[in-house]
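Below you'll find the structure, written out as structure tokens, and then a few comments.
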Amino acid sequence: MEFLRPATWDEALAAKAEHPTALPISGGTDVMVELNFDVHRPSAILDLNRITELTEWSSDGATVRLGAAVPYARIIEELSGPLPGLALAAHTVGSPQIRNRGSVGGNLGAASPAGDSHPALLAAGREVCVEAHSVRGSRLIPIDEFYVGVKRNSLEPDELIRAVRIPVADGPQQFSKIGTRNAMVIAVCAFGFALHPEDGTVGTGIGSAAPTPRRAVEAEEYLRGVLAERGLWESGELLGPEVVQRFGELVKAAASPIDDVRGTADYRRHALAVMARRTLTWCWNDYRKQIRSAA
Amino acid sequence: MSTRTIAGQKNLQKINQAAKDGIGGSPLRPDGTLKVKGEFAYSSDLWHEDMLWGTALRSPHPRANILSVDVSEALKVPGVYAVLTHEDIPGEKYYGLEIADQPALAIDKVRYHGEAIALVAADHPETARRAVKKIKVEYEVLTPIVTEEQCLDPETHGYVHEPHEYKSHAYGNVCHEQKLVSGLGVTDEVRALADVVVSGEYEVGMQDQAFLGPESGLAVPAEDGGVDLYIATQWLHVDRQQMAPVLDLPLEKVRLTLAGVGGAFGGREDLSMQIHACLLALHTGKPVKIVYARDESFFGHVHRHPARMRYEHGATRDGKLVFADCRIVLDGGAYASASPAVVGNAASLGHGPYVIPNVRMHAIALYSNNPSCGAMRGFGAVQAAFGYESQMDKLAEALGMDPVELRQLNAVTQGDRMPTGQEIDAPAPVAELLQRVKDMPLPPPLDLEHLDVRTLPGALSNTSHGEGIVRGVGYSVGIKNVGFSEGFDDYSTARVRLEVIGGEPVAMVHTAMAEVGQGGVTVHAQIARTELGVEQVTIHPANTEVGSAGSTSASRQTYMTGGAVKLAAEAVRHELLERGRHRYGWTQTDLSLVGGKVVSASAGVLIPIVDLLGDDAIEQTREHHHRPTVPFDKETGQGFGHVQYTFCANRAVVDVDVELGLVKVVELTAVQDVGKALNPLSVVGQIQGGCTQALGLAVMEEIVVKDGKVRNASFTDYLIPTILDTPPIPVQILELPDPHAPYGLRGVGEAPTVSATPSIVAAIRQATGKALTRIPVRPEHLTDTL
Ligand SMILES: Cc1cc2nc3c(=O)[nH]c(=O)nc-3n(C[C@H](O)[C@H](O)[C@H](O)COP(=O)(O)OP(=O)(O)OC[C@H]3O[C@@H](n4cnc5c(N)ncnc54)[C@H](O)[C@@H]3O)c2cc1C
């Protein structure tokens with residue numbers, strides 16, 4: 001097995017072009033586990049840890065450009081203002097050790113349906129995109145096109161993730177995750193939710209309840225419609241229990257979970273409905289407080 | 001951080017501290033700091049020049065005939081030194097703790113998922129793993145026999161072991177059974193005596209010991225044709241006894257030394273890689289190390305028996321128990337391991353610490369194509385406790401009684417008889433333990449207005465800001481035996497040597513006791529200090545150069561090997577004092593060794609030990625046998641079967657998110673009688689650890705087996721409690737001496753593991769109103785989404 005250690009991003013892209021089967025390693029919290037369990041025997045490992053720009057983030061006030069290797073611990077520390085949903089998701093990842101090493105780039109690279117970044121990224125808006133680079137150039141992959149199958153993403157063999165572009169939150173965001181113990185647990189299922197008052201939309205993300213992370217499209221449309229038709233964005237009135245209930249049902253209907261050792265499909269659907277209702281309620285309460293204090 | 005209140009510490013202080021850090025003190029463990037710093041050498045850290053790495057090929061099928069094994073391609077891999085199958089075994093092909101029914105390597109068939117078929121030794125672990133993949137096995141895959149119904153209908157579903165292969169009293173896929181009847185038994189006439197009858201069916205999932213140090217060891221071939229094995233185990237001598245016939249070596253040519261053990265909990269009572277490493281070492285003439293990977297570890301040791309139990313209890317209107325009936329079916333898996341003894345415990349302890357005039361019990365262990373099950377902390381008493389304690393709550397409800405009062409009303413006390421007819425001839429303060437645990441202060445009530453959401457069930461993952469949270473409180477008590485039962489003489493041996501080193505008297509304690517983390521070595525030094533009045537004690541590495549210390553299990557080591565150290569130290573003291581009497585003509589009968597000196601209560605200090613000893617060393621070896629027991633009668637279950645009983649009572653306070661089915665144990669209180677706390681800090685640690693393992697069984701720990709296949713052989717999916725799942729565990733200790741035991745002590749390690757699980761389930765029931773007849777309780781049980 002070859003061990004490639006490029007010093008610069010260009011060298012990394014060149015190495016990936018030359019060794020398309022090389023397995024990139026960033027925090028290594030997925031890669032090393034899989035090597036230990038003998039899941040992979042990659043021909044080569046491409047270590048990205050010398051490339052410092054991957055661990056940097058920047059913001060122009062509207063969009064955060066999050067370097068692929070920025071660890072969860074720093075997302076919590078530095079980005080809970082502009083990216084509250086992702087920061088909440090980061091909170092729930094593993095243990096302190098894992099949060100110090102693990103990254104959103106790695107979560108996207110692994111593209112596990114149970115990855116905790118995904119529901120938060122999906123909820124953050126359709127403008128979220130993954131910056132994929134190769135020696136051929138770079139492209140922006142919209143988050144809705146990124147997840148293509150169980151642990152498969154839409155990167156080409158010669159591409160690497162440089163960063164993720166995420167709009168700065170324009171409203172309250174929440175993230176909830178179910179695990180059967182109180183820490184260090186892979187999601188039985190998870191849900192991300194965001195209100196986007198600027199364009200009158202809402203965002204959702206379902207984790208661990210379908211072959212890929214996915215959004216609950218009908219639930220989003222339903223809620224967008226209700227909020228607009230009833231003038232709730234402006235009034236900040238209560239949503240009413242039937243709206244919350246219906247939203248939960250639609251989120252539940254959007255999932256297509258399986259029975260596995262971590263939980264039953266029925267439980268996952270049930271829990272998604274509960275999380276959807278609760279996160280919507282929390283976000284809406286926060287939103288109401290915001291507009292009332294603004295008024 | 002939670003604060004741990006250790007109430008009851010006060011009643012631990014009245015201890016006659018003969019020597020600094022003697023018994024009753026809490027000197028720090030010699031291995032503690034090393035372990036915390038990551039510097040402790042575990043068996044997986046062993047290394048030898050020129051050593052090879054061994055690994056095993058394991059069956060992917062729970063039940064199959066092996067049509068052929070072709071190792072030729074594996075042998076061609078550069079760096080491979082040996083590939084062995086059962087055909088290469090020089091001696092006996094079968095071994096076992098109680099029944100030699102397990103082949104050291106599979107012969108013509110496999111009986112469980114993960115059974116070892118062939119071994120490879122290579123110059124690098126990766127080479128060995130690659131070679132294993134080149135071994136070609138042709139299987140005829142058979143439908144596994146996995147459910148109770150399938151096992152008990154062998155005519156339809158087949159036999160796990162052909163009946164002509166049975167090496168014990170097994171019949172029809174039943175590995176072992178024990179019946180018990182006392183009083184009038186349970187008949188319709190007896191049932192008619194009860195005003196209230198409750199019955200229930202209960203199920204316990206397969207728990208794993210989940211020790212963190214994987215099975216590992218190093219076998220070094222010796223010039224005399226024998227082998228030296230450095231090994232993490234629970235009982236060196238019983239390993240050797242099983243290994244030697246397979247290796248075709250006399251016992252004395254199989255020498256074992258204990259290596260650093262990373263936890264055990266029963267999972268190292270059976271052999272794992274011991275024979276395999278030695279076979280490879282003797283075959284290649286080179287040292288061979290084997291370290292299991294984590295997934296292999298889940299296949300490489302036995303687990304706690306899953307159980308299906310049916311209980312029926314009858315009581316008078318005022319709560320006095322009239323009868324109890326029980327059938328316990330334990331799934332023993334493919335090989336016997338410790339199943340017979342587990343059945344004996346389940347049968348004899350399975351009605352709990354209660355006075356019940358009429359009792360019936362039938363306990364069996366099945367042979368199946370599920371993973372083998374054997375020893376785990378609590379050993380047959382854990383499963384039953386979930387059953388009888390659930391029944392006590394059910395009965396209390398049916399009677400409209402307080403569940404603690406119902407238990408107290410029926411609790412055994414000294415002088416009562418167990419259903420086996422055995423009189424409890426030592427303190428049995430069951431009602432008092434319950435009273436004390438009830439009287440301990442409760443944690444502050446749930447305050448949904450001012451809460452830190454991180455303390456809620458699941459809320460570190462932001463599942464609730466207070467929605468759906470309900471608090472519940474539950475109580476339980478349990479009984480466990482200490483030491484090996486049913487006529488087994490599990491004696492311990494200790495050698496103690498006293499000599500002057502560097503101008504100071506130094507004691508050396510040599511035993512074969514496996515220190516698995518329980519703190520035995522600390523206690524041995526404390527005993528030597530107390531008995532010999534010295535400060536310096538050296539603990540000799542545990543090995544087979546000294547006699548057996550028995551197993552580090554059954555809560556027995558402080559009692560048994562601690563007792564042996566006491567006897568040997570007393571013998572050394574006796575010899576030393578005799579020497580003084582002879583030399584100086586002392587006539588006092590009130591001599592003792594204190595602070596490095598010979599002291600007479602009446603005449604004061606007589607002489608420093610160093611002066612009396614001079615250049616001599618005094619060495620004594622003693623065996624410690626507990627009082628004899630007898631096997632239970634096969635049909636009636638009657639007999640003086642147990643050495644000692646131990647009791648613990650618990651109270652659990654839980655918060656449940658009743659909508660999401662998530663549970664957080666808020667506090668788990670324990671009150672236990674330990675007879676005498678030789679090391680109070682260790683005692684509290686054992687009780688807290690035992691409670692935590694019980695918590696794991698209550699709410700998360702289970703090896704999920706489907707059609708005989710293990711689905712979660714990793715710590716990703718076999719969940720054990722983290723520190724954030726572990727609540728404050730206030731512990732109160734009683735010290736009511738047992739007149740039959742050294743220092744009056746009582747084994748400590750298992751009672752809380754037996755008793756704590758039902759209290760947690762009771763608390764969840766109170767919060768949710770659900771019946772909860774299966775553990776671990778899953779979110780699905782609480783949300784009707786199974
Ligand atoms: C104990 C433990 C607990 C965990 N808990 C959680 C949890 O709660 N939630 C959760 O979501 N995950 C969890 N994980 C999984 C893991 O930590 C996350 O998926 C993490 O985000 C991976 O990041 P990493 O930087 O370590 O990735 P790596 O392991 O380095 O890489 C992961 C994958 O991404 C690819 N990759 C990495 N960087 C790039 C890049 N720049 N371009 C293209 N491909 C790339 C790699 O080739 C690999 O396929 C846990 C893991 C462990 C060991």
Side-chain angles (χ1 to χ4, degrees), chain A residues 1 30 33-39 41 84-85 87-89 91-95 114 116 120 173-193 248 257 259-275 277-279 281-282 285-286, chain B residues 126 129-130 133 293-296 454-468 657 659-665 695-696 699-706 710-727 776-786:
Chain A
M1 183 161 64
D30 277 318
V33 174
E34 297 208 329
L35 289 183
N36 261 337
F37 272 104
D38 216 2
V39 181
R41 286 165 186 259
L88 278 170
H91 256 292
T92 74
V93 172
S95 59
D116 288 323
Q173 302 188 347
Q174 284 290 348
F175 174 87
S176 279
K177 159 176 159 183
I178 305 277
T180 30
R181 72 179 166 197
N182 287 291
M184 265 283 273
V185 69
I186 297 189
V188 171
C189 56
F191 186 68
F193 181 73
D259 289 333
D260 65 17
V261 287
R262 295 178 193 147
T264 63
D266 274 356
Y267 176 72
R268 289 184 158 104
R269 272 190 284 265
H270 166 82
L272 277 171
V274 176
M275 288 191 290
R277 295 198 298 264
R278 289 184 183 176
T279 52
T281 306
W282 301 334
N285 286 344
D286 284 349
Chain B
E126 176 66 11
R129 278 196 292 270
R130 281 174 194 257
K133 294 202 169 146
R294 180 58 61 194
D295 50 348
E296 190 173 18
R454 292 173 302 178
T455 63
L456 297 177
L460 276 156
S461 297
N462 199 35
T463 48
S464 169
H465 293 175
E467 298 92 335
D657 183 330
E659 257 189 304
L660 286 173
L662 301 177
V663 175
K664 170 116 181 177
V665 181
L695 184 158
V699 296
M700 64 182 84
E701 292 191 35
E702 181 174 8
I703 294 192
V704 180
V705 183
K706 185 141 191 273
V710 174
R711 302 276 309 279
N712 56 342
S714 76
F715 282 141
T716 307
D717 284 313
Y718 184 87
L719 300 183
I720 54 178
T722 70
I723 190 65
L724 292 168
D725 300 281
T726 309
V777 175
R778 295 179 168 276
E780 282 85 351
H781 295 129
L782 300 176
T783 54
D784 301 319
T785 52
L786 205 57

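Below, chain A is the first sequence line, B the second, and so on; all start at residue 1. Computation of the quantities below employed the complete heavy-atom set of this structure, encompassing side-chain atoms and omitting hydrogens, waters and symmetry-equivalent molecules.
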Looking at every non-hydrogen atom in both residues, tell me the closest pair between [X] and [Y] and how far apart they are.
X	Y	answer
A/Y267	B/T783	CD1-OG1, 3.4 Å
A/F37	B/A713	CE2-O, 4.4 Å
A/D266	B/T785	CB-O, 3.6 Å

Do A/S176 side-chain atoms and B/N462 backbone N/O form a donor-acceptor pair below 3.5 Å?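 Looks like yes, one N/O pair under 3.5 Å.
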Measuring heavy-atom distances to chain A, does [X] have an atom under 4.5 Å in its side chain, in its backbone, in both, or in neither?
X	value
B/R711	both
B/L456	backbone
B/D295	both

Taking every heavy-atom pair that is under 4.5 Å apart, which of A/V274, A/N36, A/T264 has the most such pairs with chain B?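 Of A/V274, A/N36, A/T264, A/T264 has the most heavy-atom pairs under 4.5 Å with chain B.
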Report which part of A/R269 has an atom under 4.5 Å of a heavy atom belonging to chain B: side chain, backbone, both, or neither.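 It is neither, since no heavy atom gets under 4.5 Å.
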For A/V93, is it the side chain, the backbone, both or neither that has a heavy atom under 4.5 Å from a heavy atom of chain B?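 Nothing of A/V93, per the 4.5 Å heavy-atom cut-off to chain B.
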Minimum side-chain heavy-atom gap A/R181-B/L724 below 4.5 Å: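 They are not in contact (no side-chain heavy atoms under 4.5 Å apart), so the answer is no.
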Do A/W282 and B/E467 touch side chain to side chain, with heavy atoms closer than 4.5 Å?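 Heavy-atom side-chain distance check passes, below 4.5 Å.
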For atom CZ of B/R454, decide whether the heavy atoms of other residues, nucleotides or ligands shown that lie under 6.0 angstrom number more than 12.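 No, the 6.0 Å shell around CZ holds no more than 12 heavy atoms from other groups.
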Max heavy-atom pair count under 4.5 Å with chain A, selected residue of B/L460, B/L719, B/T722: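 Ranked by contacts with chain A, first place is B/L719.
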At a heavy-atom distance under 4.5 Å, which candidate from B/E296, B/R778, B/R130 has the highest pair count against chain A?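 Heavy-atom pair counts peak at B/R130.
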side-chain contact (heavy atoms from CB on, under 4.5 Å) against B/P776, all qualifying residues, sequence neighbours excluded: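 If we apply the side-chain contact (heavy atoms from CB on, under 4.5 Å) test to B/P776, skipping adjacent residues, the hits are B/E702, B/R774.
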Could you tell me which residues satisfy side-chain contact (heavy atoms from CB on, under 4.5 Å) with B/D657, sequence neighbours excluded, listed by chain and number?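 B/D657 satisfies side-chain contact (heavy atoms from CB on, under 4.5 Å) with A/R278, B/P457, B/S464, B/I469, B/E659, B/L660, B/L662 once adjacent residues are dropped.
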Test log, rule side chain to side chain contact (heavy atoms under 4.5 Å, CB included), inputs A/N285 and B/H465: CA-CA 12 Å; A/N285 286 344; B/H465 293 175; over 6 Å; no
Hey, what do you get for CD1 (B/I723) to CG (A/N182), rounding to the nearest 0.5 Å?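 Going from the CD1 atom of B/I723 to the CG atom of A/N182 covers 12.0 Å.
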Salt-bridge test for B/K133 and A/D38: reply yes if a basic N is under 4.0 Å from a carboxylate O, no otherwise.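 Salt bridge: yes.
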